[in-house]
Amino acid sequence: MSLTNQPDPEARARVVAQDLQNVMHPIVQHKALEKSQMVVTGAQGSTIYDADGTAFLDAMAGLWCVNIGYGRTELAQIAAEQMQAMAYYPHTAMNLPAAQLGEQINGLMGGDYHTYFVNSGSEANEAGFKIARQYAKHEFPGEFRFKTISRYYAYHGTTLGTLAAGGMGDRKTKFEPFAGEFVHVPAPTCYRCPLGLEAGKCGMACAKLIETTIQGEGPQTVAEVIVEPIMSGVGVAVPPDGYLETVEEICRKYDVLLHVDEVINGFGRTGKMFGHQHWGISPDIMAVAKGIVSAYLPIAATVVKNKVFESFLGEVADARQVMQVNTYGGHPAAAAVAVRNIEIMLEEKLPERAASMGAYLMDGLKDRLFRHGITGDIRGKGLLIGIELVKDRESKVQLEGPLMQGVVDFCKANNVVVGRSGGGARHSNTIVLSPPLVITRSECDTLIEVLDKALAEAATKVKPV
């Protein structure tokens with residue numbers, strides 16, 4: 001279709017979007033995508049707009065990432081100004097925005113940290129694995145500490161390394177076999193305890209299994225333990241108080257590094273700047289992405305404690321430097337935007353807002369949704385919330401995939417975008433919510449209302465267990 005007679009920018013966008021849909025239709029990845037090719041052409045606050053001008057409440061902040069909300073035009077101006085001043089230079093030299101961002105992160109962590117910049121959460125965790133292994137070679141000569149202990153149903157990225165570290169079998173089976181350097185232990189999915197124990201009376205058994213695993217593998221073979229403070233992809237699994245503290249104690253006992261994945265949890269999402277701060281632990285390695293720049297440009301970082309950083313100091317001839325290169329890491333424009341993004345979070349008190357608005361949303365969800373027998377559990381912290389759906393509460397049999405998808409589709413048909421857990425056959429029955437931290441009370445009310453109706457409809461289609 002010709003655009004020559006389409007002076008209206010919005011009209012032009014609609015035409016382009018329609019042409020794009022026509023092109024994409026025959027080449028979508030699988031049949032389920034043929035009916036879901038929404039083209040987003042605009043966004044503001046917590047709202048996105050499709051090519052037809054229809055508004056949707058985005059209860060997922062894109063992909064768990066637009067923390068400060070859409071439409072912050074000042075960030076575009078900051079990026080433009082930085083690109084005009086200096087668009088790029090590699091990190092064989094420092095650039096000022098990246099240095100400022102590193103100082104910001106160090107301050108948010110209370111000091112004693114250094115930052116290495118990459119482009120995505122997957123890369124941040126991948127770099128963390130490399131740093132942990134190289135650190136172990138330096139600090140434990142003669143030992144081969146190459147293993148990372150992770151949890152089943154964890155998600156840490158989509159590179160081969162991070163897929164192997166993750167515990168989602170459905171995601172990594174296409175790429176197997178892996179080499180065996182990642183060892184998995186049960187996760188603190190308390191609603192469905194993998195050990196069959198009762199929450200609060202389990203003696204923190206799943207945390208203590210990490211020590212059993214270190215002993216079984218041999219402490220001289222284990223470099224690190226990686227955890228997400230609150231597991232996201234599995235359906236927002238919040239650990240019991242004491243779990244992460246116990247994991248940290250075990251790491252210290254065996255001189256194993258504690259690698260904390262804050263890619264989704266970080267930058268205000270859970271009601272604190274970082275998720276691990278709810279439990280007062282101190283990571284040796286931390287991966288951050290997504291909220292660091294609220295997705296306005298690609299940037300991420302691997303943050304390491306000074307004691308780890310210092311292991312790589314030495315003369316050139318010593319070859320102690322980190323063997324890790326990233327062309328675009330710490331890109332000046334992305335770093336400048338991230339600096340301002342964090343300033344906005346602090347100025348507008350968005351972590352505190354996430355805590356208060358998350359409590360309001362959680363209360364409303366529990367008040368309305370537990371009326372439906374298919375609501376098994378509602379859990380989360382701040383604006384990271386999961387609603388696990390079951391056929392009935394007594395059996396906890398998961399709601400079937402088609403009905404789960406029906407809930408997602410009902411919400412979208414009513415102009416609300418929600419997510420669904422990706423834990424595979426055992427943990428794919430949770431509706432996940434991760435809205436922008438600027439979501440309003442009225443938007444929370446809309447979200448609750450639509451989910452209430454969606455679950456009411458789904459409940460009518462459930463067959464008895």
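Excluded from the calculations below are hydrogen atoms, water molecules and symmetry mates; all remaining heavy atoms, backbone and side chain alike, are included. Residues take their numbers from the sequence shown, with the count starting at 1.
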Subject >> Electrostatic pair E400:K391 at N-O distance under 4.0 angstrom >> reply: yes
**OP:** Compute the centroid of each ring, for F274 and then for F267, and state whether the two points are separated by less than 6.0 Å.
**Re:** yes
Original post:
Do the side-chain N and O atoms of N125 and H259 include a donor-acceptor pair separated by under 3.5 angstrom?
Top reply: yes
**OP:** Identify the heavy atoms of A61 and R269 that sit nearest to each other, and give their distance.
**Re:** CB-NH2, 3.8 Å
**OP:** Can you establish whether the number of heavy atoms outside E394 located under 6.0 Å from its atom CD is more than 12?
**Re:** no
Original post:
Should the heavy atoms of other residues, nucleotides or ligands under 6.0 Å from OH of Y328 be counted, would the total exceed 12?
Top reply: no
Subject >> SB check E347 R340 (cutoff 4.0 Å) >> reply: yes
Subject >> Pairwise distance OG1(T189) to CZ(R151) - rounded to 0.5 angstrom >> reply: 9.5 Å
Subject >> Side chain proximity check, T246 to I210, heavy atoms < 4.5 angstrom >> reply: no
Subject >> Over all atoms of both residues, closest heavy-atom pair of P186 and C206 >> reply: O-CB, 4.1 Å
**OP:** Using a 4.5 Å cut-off on heavy atoms from C-beta on, say whether the side chain of I131 contacts that of L257.
**Re:** no
Subject >> Min side-chain heavy-atom separation Y88-T327 under 4.5 Å >> reply: yes
**OP:** Kindly indicate whether the side chain of V450, heavy atoms from C-beta on, has any atom under 4.5 Å from the side chain of L57.
**Re:** no
Original post:
Between K201 and E198, is the closest basic N to carboxylate O distance under 4.0 Å?
Top reply: yes
**OP:** Identify whether the distance between the nearest side-chain nitrogen and carboxylate oxygen of R379 and E388 falls below 4.0 Å.
**Re:** yes
Original post:
With side chains defined as the heavy atoms from C-beta onward, is the minimum distance between I105 and I292 less than 4.5 Å?
Top reply: yes
Original post:
Does some side-chain heavy atom of H276 sit less than 4.5 Å from a side-chain heavy atom of P283?
Top reply: yes
**OP:** Using a 4.5 Å cut-off on heavy atoms from C-beta on, say whether the side chain of R368 contacts that of E449.
**Re:** yes
Subject >> Any donor-acceptor N or O pair under 3.5 Å, side chains D452, H372 >> reply: yes
Subject >> Heavy-atom pair of closest approach, residues G102 and F117 >> reply: N-CZ, 3.8 Å
Original post:
Which value, rounded to the nearest 0.5 Å, describes the distance between T440 atom OG1 and M357 atom CE?
Top reply: 7.0 Å
Original post:
Sequence neighbours excluded, which residues qualify as side-chain contact (heavy atoms from CB on, under 4.5 Å) partners of T148?
Top reply: F129, F182, E224, I226
Subject >> Aromatic Y296 / basic R72 pairing, under 6.0 angstrom, 45° off normal >> reply: no
Original post:
How close do E262 and G275 get, heavy atom to heavy atom, and via which atoms?
Top reply: OE1-N, 2.9 Å
Original post:
Which atoms form the tightest heavy-atom contact between P436 and G45, and what is the distance?
Top reply: CG-O, 4.0 Å
Original post:
Taking atom types as modelled, is there a side-chain donor on Q100 or Q104 under 3.5 Å from an acceptor on the other?
Top reply: no
**OP:** Classify the side-chain pair N341/S294 by whether it contains a donor and acceptor separated by less than 3.5 Å.
**Re:** yes
Original post:
Side chains of I281 and V247: closer than 4.5 Å at any heavy-atom pair?
Top reply: no
Original post:
How many angstroms lie between atom CZ of R353 and atom CG of L437, to the nearest 0.5 angstrom?
Top reply: 9.0 Å
**OP:** Taking all heavy atoms of L384 and all of N265, pick out the closest pair and write down the distance.
**Re:** CD2-ND2, 3.9 Å
